[in-house]
K.L.:
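Handing you a structure now.
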Amino acid sequence: MPIRRWRTISVLVFLAGAASGCAETQADAPSKHLREVAVPEPGRQARQLTLPFDAYNFSPAEVITLEVAEDLLVRDCMRGLGLDWRTLPGPAESESAPPHRRRYGVIESEMADVFGYHLPPDRPAVAAHKANHRVRMEAAPPKVRDAAKRCRDQARARMVTGPAKADAAFFNEIIFTTFDASQRDGKVTRVFRAWSECMVGEGLRYPDPLSAVTDKRWATGQTTAEEIRAAQADVRCKEKTGLVSVWAAAETRLQNDVIRAHPQRFPALRAVKVKQLETARRIIAQSPRSDSEQ
């Protein structure tokens, strides 16, 4: 796109200590009125999109699992300090968005109909989970906030313990570089041209789908009728040309090539992911909540 202009990718969140990200356009940021709109259920194609790097990265649902386990460790740490800490249960896994729902721009007509090119808000249970985390910290006295931050650092240190050493910076960068390279793949450039010709038939001129996403006309707090019409045409042309499957196939080839080229790095990344999730699930299983936390 380049991808750095509009997507946010969460990569090895707990390993790296923070989510890896890239700048979003205003069109991607959900405005207040969009946050109050119901988000359609993910479509079949969005749910089924998978890539080789998924085996090494955390999905949105897995990130929540890590957060829930971390919260339980923070509770135990806070109790050791004589302080109360009410844990927050995570939303159901089905409430989390598929990891690649917006990877190739808007691919669902239901999303185009409501949000155009704007990034949709989280689904209600996920949004409530995030809001509860924020409110809990904001409402806590300074002494409790400071203690919670120290306990969270300790919890994260416990979550990443293990023998494997993974190169998170390498992984973050290779996600971007393979995505960029996929746009120069011969099959992808041909399907981009077919998509562009289809868009001309819709009265729109864009060289590729990402230029439609980053059109400055959509950089507003409101989704306009013109934007929705463009996004609807975009989805129709993607479906007509088979763009998503062609692009995903190219990314799959590139990612598999990189995995084969780095036989030490990727097993280490996988081992860290598996270890962190095993640790998180064990913590959750072994930490029953009190009645007040149900």
Side-chain angles (χ1 to χ4, degrees), residues 8-21 42 46-81 84-101 122-134 136-137 147-168 171-172 175 259 265-294:
T8 298
I9 301 177
S10 176
V11 179
L12 293 174
V13 177
F14 287 78
L15 172 67
S20 170
R47 293 195 310 270
Q48 293 181 344
L49 268 176
T50 59
L51 291 167
F53 284 176
D54 294 347
Y56 311 95
N57 200 2
F58 293 111
S59 69
E62 289 168 339
V63 169
I64 289 176
T65 296
L66 297 175
E67 290 175 346
V68 170
E70 178 189 275
D71 204 31
L72 290 166
L73 293 178
V74 171
R75 178 198 62 185
D76 293 346
C77 174
M78 295 287 278
R79 285 177 176 175
L81 298 173
D84 183 55
W85 186 255
R86 183 182 177 85
T87 55
L88 302 173
E93 184 174 335
S94 60
E95 287 292 315
S96 295
H100 306 305
R101 190 173 196 177
D122 291 312
R123 292 181 61 76
V126 175
H129 178 69
K130 293 179 179 180
N132 289 338
H133 270 274
R134 183 177 64 253
R136 181 179 60 182
M137 285 298 284
K149 291 175 183 177
R150 292 194 301 272
C151 286
R152 181 165 290 113
D153 289 342
Q154 293 177 25
R156 290 184 176 177
R158 177 175 169 183
M159 296 281 288
V160 299
T161 56
K165 293 184 179 180
D167 190 343
F171 189 45
N172 290 341
I175 289 175
I259 291 168
R265 280 175 159 162
F266 280 91
L269 287 163
R270 176 65 180 167
V272 168
K273 174 182 176 177
V274 169
K275 177 67 174 177
Q276 289 187 34
L277 286 174
E278 286 178 347
T279 300
R281 288 165 181 153
R282 184 172 62 253
I283 290 167
I284 293 169
Q286 296 176 352
S287 300
R289 300 173 184 274
S290 66
D291 292 341
S292 65
E293 295 171 329
Q294 298 291 334

K.L.:
Against V74, only a single residue in R156, R79, R152 fulfils side-chain contact (heavy atoms from CB on, under 4.5 Å); can you say which?
P.N.:
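Filter result, single survivor: R152.
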
K.L.:
Answer yes or no: is there a donor N or O on one side and an acceptor on the other, between the side chain of E62 and the main chain of S59, under 3.5 Å?
P.N.:
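Yes.
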
K.L.:
Is there a side-chain contact between V160 and V272, using heavy atoms and a 4.5 Å cut-off?
P.N.:
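The answer is no, as the side chains (C-beta and beyond) never meet within the 4.5 Å cut-off.
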
K.L.:
For K149, which residues count as a salt bridge (charged side-chain N to carboxylate O under 4.0 Å, His left out) partner, sequence neighbours excluded?
P.N.:
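For K149, no residue satisfies salt bridge (charged side-chain N to carboxylate O under 4.0 Å, His left out) once neighbours in sequence are set aside.
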
K.L.:
Go through the steps to decide whether W85 and D76 satisfy the test side-chain hydrogen bond (donor to acceptor under 3.5 Å, both in side chains), and finish with yes or no.
P.N.:
CA-CA 8 Å; W85 186 255; D76 293 346; over 6 Å; no

K.L.:
Is any side-chain heavy atom of P99 less than 4.5 Å from a side-chain heavy atom of N57?
P.N.:
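P99 vs N57: side chains apart.
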
K.L.:
To check you understand the geometry: which heavy-atom pair defines the closest contact between P98 and A46, and what is its length?
P.N.:
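Minimum heavy-atom separation between P98 and A46: CB-O, 3.4 Å.
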
K.L.:
Determine the minimum heavy-atom distance between H129 and P89, stating which atoms define it.
P.N.:
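Minimum heavy-atom separation between H129 and P89: ND1-O, 3.4 Å.
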
K.L.:
What distance separates T87 OG1 from N132 CG, expressed to the nearest 0.5 Å?
P.N.:
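Between atom OG1 of T87 and atom CG of N132 there are 11.5 Å.
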
K.L.:
Between R136 and D71, is there a salt bridge with N-O shorter than 4.0 Å?
P.N.:
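Yes.
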
K.L.:
Taking atom types as modelled, find out whether D54 and H100 have a side-chain donor-acceptor pair closer than 3.5 angstrom.
P.N.:
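Yes, H100 and D54 have a side-chain donor paired with an acceptor closer than 3.5 Å.
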
K.L.:
Is it the case that the side chain of R123 and the backbone of A97 share a donor-acceptor pair, with hydrogens and angles ignored and the cut-off at 3.5 Å?
P.N.:
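Here the side-chain-to-backbone pair does not exist.
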
K.L.:
Are more than 12 heavy atoms from other residues, nucleotides or ligands located less than 6.0 Å from atom CD of Q48?
P.N.:
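More than 12 within 6.0 Å, yes.
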
K.L.:
With a 4.5 Å limit on heavy-atom distance, are the side chains of L73 and Q154 in contact?
P.N.:
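Of all side-chain heavy-atom pairs linking Q154 with L73, none is under 4.5 Å.
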
K.L.:
With a 4.5 Å limit on heavy-atom distance, are the side chains of T279 and K275 in contact?
P.N.:
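They are in side-chain contact.
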
K.L.:
Would E70 and L66 count as a side chain to side chain contact (heavy atoms under 4.5 Å, CB included) if you check the C-alpha gap in whole Å, the side-chain angles of each, and the deciding distance to 0.1 Å?
P.N.:
CA-CA 6 Å; E70 178 189 275; L66 297 175; over 6 Å; no

K.L.:
Test side chain to side chain contact (heavy atoms under 4.5 Å, CB included) on D84 and M78 and set out the steps.
P.N.:
CA-CA 6 Å; D84 183 55; M78 295 287 278; over 6 Å; no

K.L.:
Can you classify the ring geometry of F266 versus F53 as parallel (below 30°), tilted (30 to 60°) or perpendicular (above 60°)?
P.N.:
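Rings of F266 and F53: parallel, as their planes differ by under 30°.
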
K.L.:
The criterion is side-chain hydrogen bond (donor to acceptor under 3.5 Å, both in side chains); which residues satisfy it with R265, sequence neighbours excluded?
P.N.:
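Scan of R265 (side-chain hydrogen bond (donor to acceptor under 3.5 Å, both in side chains), adjacent residues dropped) gives D167.
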
K.L.:
P42 and R47: which non-hydrogen atoms are nearest, and at how many Å?
P.N.:
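Where P42 meets R47 most closely, the heavy atoms are O-NH1, 2.7 Å.
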
K.L.:
Might you point out which heavy atoms bring A166 and A268 nearest each other, and give the distance in Å?
P.N.:
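That closest heavy-atom pairing would be CB-O, 3.8 Å.
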
K.L.:
Assess the residue pair I283 and M159 against the criterion (side chain to side chain contact (heavy atoms under 4.5 Å, CB included)); give the C-alpha distance rounded to whole Å, side-chain angles, the decisive distance to 0.1 Å, and a yes or no.
P.N.:
CA-CA 10 Å; I283 290 167; M159 296 281 288; 3.7 Å; yes

K.L.:
Let me confirm one number: the NE2-CG distance from H133 to L88, rounded to the nearest 0.5 Å.
P.N.:
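So the gap between those two atoms works out to 4.5 Å.
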
K.L.:
For Y56 and K273, work out which heavy atoms get closest and say how close.
P.N.:
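Taking every non-hydrogen atom into account, C-CD, 3.9 Å.
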
K.L.:
Give me the atom names and distance for the closest heavy-atom approach of S96 to I64.
P.N.:
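Heavy atoms only, the tightest pair is OG-CD1, 3.5 Å.
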
